[in-house]
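Values below: all heavy atoms of this structure, side chains included; hydrogens, waters and symmetry mates excluded. Residue numbers run from 1 in the order of the sequence given.
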Amino acid sequence: LELNRKRLSEKCEFNLNGDNLNLKAELMTPAEGYETITLELSHQGHLTDFNNNGMLTVGNQQLSGSSELRVRRSSVTGNLALQMPFRKVSSVNLNLVHAGQWSDFNNKIVLAYNNKKIIGKTNFLRSGTNIDGKITIKTPYAKVRSLGVEIKHEGPATAFKNSALLSLN
């Protein structure tokens, strides 16, 4: 493509082989600092057990990321990592772990960016007509260091007791 005697061009390579995919796309522009823009993506594995990687390069700036997911009979683990060329937030990592069946499980999620972490945990148990649940969140911020919610339900829908507790710091 040519506009005002300036050339814009692209190249793309794509390969899909079973559960694996690779893509590389390049855009060449006449714009200063943006002469080459490149996107590379890869995916390996099926929907319940996979890894992904990606990279976007614009001029001399680069954003990259990776993710993985593993789903088993009674557990799920996942990770997402991003590296960015920004001063305020240069890296972000998200980690998820789920263990247990739908009636009795624990979760843990960790969000880390730069040198800070936010950690969330959940616990849930359903036994007959009784339900116990708990959520806790820990942060690096003084105003909200920790936040918690606990709930209890006892009895059938026709005769029950509920209680809840909210805690802050």
side-chain hydrogen bond (donor to acceptor under 3.5 Å, both in side chains) contacts in which one or both residues fall within residues 151-163, not counting sequence neighbours: Asp132-Lys152, His153-Asn162
Pairs where residues 89-99 contributes a residue and the test side-chain hydrogen bond (donor to acceptor under 3.5 Å, both in side chains) is met, not counting sequence neighbours: Asn79-Asn95, Ser90-Asn114, His98-Asn107
So do the side chains of [X] and [Y] get within less than 4.5 Å of each other, counting heavy atoms only?
{"X": "Glu13", "Y": "Asn15", "value": "no"}
{"X": "Leu23", "Y": "Cys12", "value": "yes"}
{"X": "Ile137", "Y": "Thr139", "value": "yes"}
{"X": "Asp49", "Y": "Arg72", "value": "yes"}
{"X": "Lys121", "Y": "Val97", "value": "no"}
{"X": "Lys108", "Y": "Ile119", "value": "yes"}
{"X": "Leu27", "Y": "Leu8", "value": "yes"}

Distance (rounded to the nearest 0.5 Å) between Thr122 OG1 and Ile135 CD1: 6.5 Å
Separation between NZ of Lys24 and NZ of Lys11, rounded to the nearest 0.5 Å: 7.0 Å
Exceeds 12 heavy-atom contacts within 6.0 angstrom, atom CZ of Arg126: no
Whether over 12 other heavy atoms sit under 6.0 Å from Leu166 CG: yes
Parallel, tilted or perpendicular: rings of His43 and Phe50 (30°, 60°): tilted
